[in-house]
Amino acid sequence: MPEPGGSAGRRRAILAAVRRAGEANVAVLAREFAVTPQTIRRDLNHLADRALIARVHGGAALGSGIANARYEERRGHAASAKARIGAAAAALVPEGASLFINIGTTTEAVARHLVHHAKLMVVSNNLNVVDILSGREGLSVIAVGGQVRAGDRAVIGALADQFIDNFRVDLALIGTSGLSEAGDLVDFDADEVLVARRIIRQARTVVLVADSSKIGRPAPIRIAGIDAVDHLVTDRLTSPELRAVLQASGVRLTETG
């Protein structure tokens, strides 16, 4: 098979082949594209880094949801929907409230709409949120202490969990990597999940912010059930199953359109 349009074209063709067959082998792809196995491995690593496929021994398979997408790419994904979600969620925060904001690009969008609030105390393990809100008049910002994950500047792990245990706040604004149609909040990183569970336990009210691409998205670790959430803010909810679960659990729903 001739190389279509250089490396970018070859990678698109490889991705299409994996999606058709469910898997692909390095040696077979190298013969088909008339390139070296090392070139194919680089291509597969490139696609795996973007969570488009999963690397397996000797080749690749359809992504299983184990690897999360790169943070900068996630920030750009569904940006307009996240902005609307951020505005709607920020409107739920009363003046004078204390709140947690956890890691996530959607929670960052909420933070951008909180900059003109007054008399808030914000505790966050998301250093991007700390940057957005710190130095704003009327806002008290507390950065959670602990291990900082390089890829997204999340403060996670046991030290962060212990730090958050010192607070009991009015409101938690949380994101999630996936929300199953059965109502499970799921994520990829055990250390991040540890902190997310603590945040949920230490807040009187929990608001989940998640764009529609998160609904039905698989991830291997369960954070909590939807019954731990008081309010879901999303752009649109297309799952009748999840809508029924929300209603049965008494979870309020805001759809921003």
Side-chain angles (χ1 to χ4, degrees), residues 74-75 78-146 152-156 160-176 179 185 192 195-212 214 223-224 226-237 246-247 249-257:
R74 287 161 50 200
R75 182 178 279 133
S80 61
K82 290 175 183 177
R84 294 192 300 273
I85 292 167
L92 300 175
V93 179
E95 302 292 334
S98 58
L99 60 148
F100 291 128
I101 302 179
N102 81 337
I103 191 65
T105 56
T106 311
T107 54
E108 285 182 34
V110 181
R112 293 188 187 96
H113 287 278
L114 290 174
V115 294
H116 299 299
H117 273 55
K119 299 179 181 177
L120 296 183
M121 185 185 81
V122 180
V123 182
S124 184
N125 70 319
N126 183 340
L127 295 184
N128 302 303
V129 165
V130 172
D131 286 346
I132 291 167
L133 295 179
S134 60
R136 300 282 181 173
E137 185 177 354
L139 300 184
S140 173
V141 181
I142 299 171
V144 171
D152 56 5
R153 305 178 74 219
V155 184
I156 56 174
D161 177 54
Q162 294 168 14
F163 187 100
I164 291 167
D165 191 41
N166 292 298
F167 297 87
R168 176 71 169 159
V169 302
D170 300 316
L171 189 69
L173 294 164
I174 66 168
T176 183
L179 178 60
L185 285 67
E192 183 176 340
V195 174
R197 288 173 178 165
R198 178 70 67 180
I199 285 173
I200 289 170
R201 286 196 298 270
Q202 299 299 107
R204 298 181 184 90
T205 300
V206 177
V207 177
L208 173 63
V209 291
D211 71 84
S212 55
K214 303 292 179 65
I223 301 169
I226 199 66
D227 55 352
V229 173
D230 298 287
H231 200 139
L232 169 63
V233 183
T234 187
D235 51 332
R236 64 184 187 280
L237 183 59
L246 295 176
Q247 291 172 347
S249 301
V251 178
R252 296 188 296 279
L253 173 65
T254 296
E255 295 177 87
T256 62

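None of these values were measured; they are calculated from a predicted model.
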Between Leu171 and Leu92, is there a side-chain heavy-atom distance shorter than 4.5 Å?
no
Kindly give the heavy-atom pair with the smallest separation between Asn126 and Asn102, and that separation in Å.
ND2-O, 3.4 Å
Are Leu253 and Thr234 packed together at the side-chain level, in the sense that at least one heavy-atom pair is separated by less than 4.5 angstrom?
yes
Search all heavy atoms of Gln202 against all heavy atoms of Phe167 and return the closest pair with its distance.
NE2-O, 2.7 Å
Return yes if a side-chain donor-acceptor contact under 3.5 Å exists between His231 and Thr254, otherwise no.
yes
Any side-chain heavy-atom pair from Ile103 and Val195 closer than 4.5 angstrom?
no
OG1 on Thr105 to CD1 on Ile85, rounded to 0.5 Å
9.5 Å
Whether the side chain of Arg168 engages the backbone of Arg201 through a donor-acceptor N/O pair (distance < 3.5 Å, no angle test) should be reported.
yes
For the residue pair Ile164 and Ile199, what are the closest heavy atoms and their distance?
CD1-CG1, 3.8 Å
Can you measure from CD (Glu108) to CG (Leu127) and round to the nearest 0.5 angstrom?
10.0 Å
Taken in chain and number order and not counting sequence neighbours, the residues that satisfy side chain to side chain donor-acceptor pair (under 3.5 Å) with Glu255 are Arg243
Heavy-atom distance under 4.5 Å between the side chains of Leu246 and Leu237, does that happen here?
yes
Do the non-hydrogen side-chain atoms of Leu208 and Leu179 ever get within less than 4.5 Å of each other?
yes
Taking every non-hydrogen atom, the tightest pair across Ala228 and Ile200
CB-CG2, 3.9 Å
Under 3.5 Å, side-chain donor or acceptor atoms of residues 129-145 against the rest of the protein: list the pairs with distances, not counting sequence neighbours.
residue : atom : partner : partner atom : Å
Asp131  : OD2  : Arg153  : NH1          : 2.7
Asp131  : OD2  : Arg153  : NH2          : 3.3
Ser134  : OG   : Val130  : O            : 2.8

Nearest-0.5 Å distance, CZ of residue Arg198 to CZ of residue Phe100:
9.5 Å
If you count every heavy atom of other residues, nucleotides or ligands that lies below 6.0 Å from Arg204 atom CZ, does the total exceed 12?
yes
If you compare all heavy atoms of Ala203 against all heavy atoms of Ala172, which two are closest, and at what distance to 0.1 Å?
CB-CB, 3.5 Å
Ignoring hydrogens and geometry beyond distance, is a side-chain donor-acceptor pair present between Ser212 and Asp235 at under 3.5 Å?
yes
Sidechain-backbone polar pair: His117 side chain, Ala90 backbone, donor-acceptor under 3.5 Å:
yes
What are the two closest heavy atoms between Asp170 and Gly96, and how far apart are they?
OD2-O, 4.4 Å
Do Arg197 and Ile223 make a side-chain contact, defined as non-hydrogen atoms from C-beta onward lying under 4.5 Å apart?
yes
How long is the straight-line distance from CD1 of Ile101 back to CG of Asn125, given to the nearest 0.5 Å?
10.0 Å
Under 3.5 Å donor-acceptor, Asp230 side chain and Val207 backbone
no
